[in-house]
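No hydrogens, no waters, no symmetry mates; every other heavy atom, side chains included, goes into these values. Throughout, numbering of the chain's residues begins at 1 and tracks the sequence.
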Amino acid sequence: TVDESIVRANSSDGISVAEMRAVITRTTIESNLGIGVAADYWPYASIALDSSSVIGNSAGVVFDGARLDIVNSTISGNSGGVVGGIELGGFVDPGSVRLRSSTVFGNSGTSVGGIGAIEPPPLGPGRGTWVGSEISGSIIAGNVSSAGSSDCEQLDEAAIPLAGGN
């Protein structure tokens, strides 16, 4: 658990999670040379980001885990990597990605600026395809990429059917 903290100017990732659940509340993760928040080890790694900011890192959130909940948070000003804001990998369970009352703004990446699903689902249709995932009450805008995809994009045949809206 990380609460009411500042994670700043690390020479690698700000917070990196493997085989555990990270609960991050009222925290600023900024200006790290690596990823702001990274979770990699499906099906064990998960992130709950609440009332926090991920700002000015080489990439905002890179997620390839069991569950991602972002609530009342800002992902902004992150640049570099394939996806600047929130990168979703292929090993993500149905209904496990939620973005609520949050802002993804002003990020840039080589392929997608805002939110990007970058790998094909490895488990087949309806499994690992983010079915039932949710974006609600959120703003995803003002993101850019050198490839032309800006706010929300799927790449390499990845499926990201999201329920809800902005």
Side-chain angles (χ1 to χ4, degrees), residues 1-93 95-119 128 130 133-145 151-153 155 158 160 162:
T1 298
V2 179
D3 188 29
E4 296 184 2
S5 298
I6 297 173
V7 180
R8 177 186 294 144
N10 290 291
S11 60
S12 61
D13 298 342
I15 297 174
S16 186
V17 178
E19 296 190 56
M20 59 188 251
R21 177 171 170 76
V23 178
I24 304 164
T25 56
R26 297 178 298 278
T27 294
T28 299
I29 301 144
E30 67 179 346
S31 304
N32 296 290
L33 294 180
I35 300 161
V37 180
D40 185 20
Y41 201 78
W42 177 87
Y44 305 107
S46 66
I47 298 171
L49 187 67
D50 189 0
S51 304
S52 297
S53 299
V54 181
I55 306 167
N57 302 285
S58 69
V61 176
V62 175
F63 179 74
D64 194 3
R67 182 169 214 72
L68 175 64
D69 286 302
I70 299 176
V71 180
N72 298 321
S73 295
T74 299
I75 314 295
S76 181
N78 300 289
S79 62
V82 176
V83 179
I86 302 171
E87 178 181 306
L88 303 172
F91 289 98
V92 180
D93 291 330
S96 64
V97 176
R98 286 196 277 261
L99 180 70
R100 293 176 292 193
S101 302
S102 295
T103 300
V104 180
F105 177 81
N107 300 289
S108 63
T110 57
S111 295
V112 179
I115 301 173
I118 66 161
E119 296 177 5
W130 306 284
S133 293
E134 171 190 344
I135 294 176
S136 63
S138 296
I139 297 169
I140 304 166
N143 301 288
V144 297
S145 78
D151 292 321
C152 192
E153 185 73 29
L155 303 170
I160 182 168
L162 299 170

Rounded to the nearest 0.5 Å, what separation is found between the [atom1] atom of [X] and the [atom2] atom of [Y]?
X: Thr27; Y: Leu49; atom1: OG1; atom2: CG; result: 8.5 Å
X: Asn72; Y: Ser53; atom1: CG; atom2: OG; result: 11.0 Å
X: Asn78; Y: Asn32; atom1: CG; atom2: CG; result: 9.5 Å
X: Ser136; Y: Leu99; atom1: OG; atom2: CG; result: 7.5 Å
X: Asp40; Y: Glu19; atom1: CG; atom2: CD; result: 10.5 Å
X: Phe105; Y: Thr74; atom1: CZ; atom2: OG1; result: 11.0 Å

Under 3.5 Å, is there a donor-acceptor pair between the side chain of Ser73 and the main chain of Ser102? no
Given 3.5 Å as the limit, does a donor-acceptor pair link the side chain of Asn57 with the main chain of Ile29, or not? yes
Test side chain to side chain contact (heavy atoms under 4.5 Å, CB included) applied to Val112 and Ile115, step by step: CA-CA 7 Å; Val112 179; Ile115 301 173; 5.8 Å; no
State, yes or no, whether a side-chain contact exists between [X] and [Y] at a heavy-atom distance under 4.5 Å.
X: Val2; Y: Ile15; result: yes
X: Ile140; Y: Ile135; result: yes
X: Thr28; Y: Arg8; result: no
X: Val144; Y: Ser108; result: yes
X: Thr25; Y: Val23; result: yes
X: Ile24; Y: Asp50; result: no
X: Val104; Y: Ile86; result: yes

Taking all heavy atoms of [X] and all of [Y], pick out the closest pair and write down the distance.
X: Ile35; Y: Asp13; value: N-OD1, 2.8 Å
X: Asn107; Y: Gly84; value: CB-C, 3.8 Å
X: Ser58; Y: Gly34; value: OG-O, 2.7 Å
X: Ala18; Y: Ala45; value: CA-CB, 4.3 Å
X: Ser101; Y: Ser138; value: N-OG, 3.2 Å

Side chain to side chain contact (heavy atoms under 4.5 Å, CB included) assessment of Val97 paired with Arg67: CA-CA 6 Å; Val97 176; Arg67 182 169 214 72; over 6 Å; no
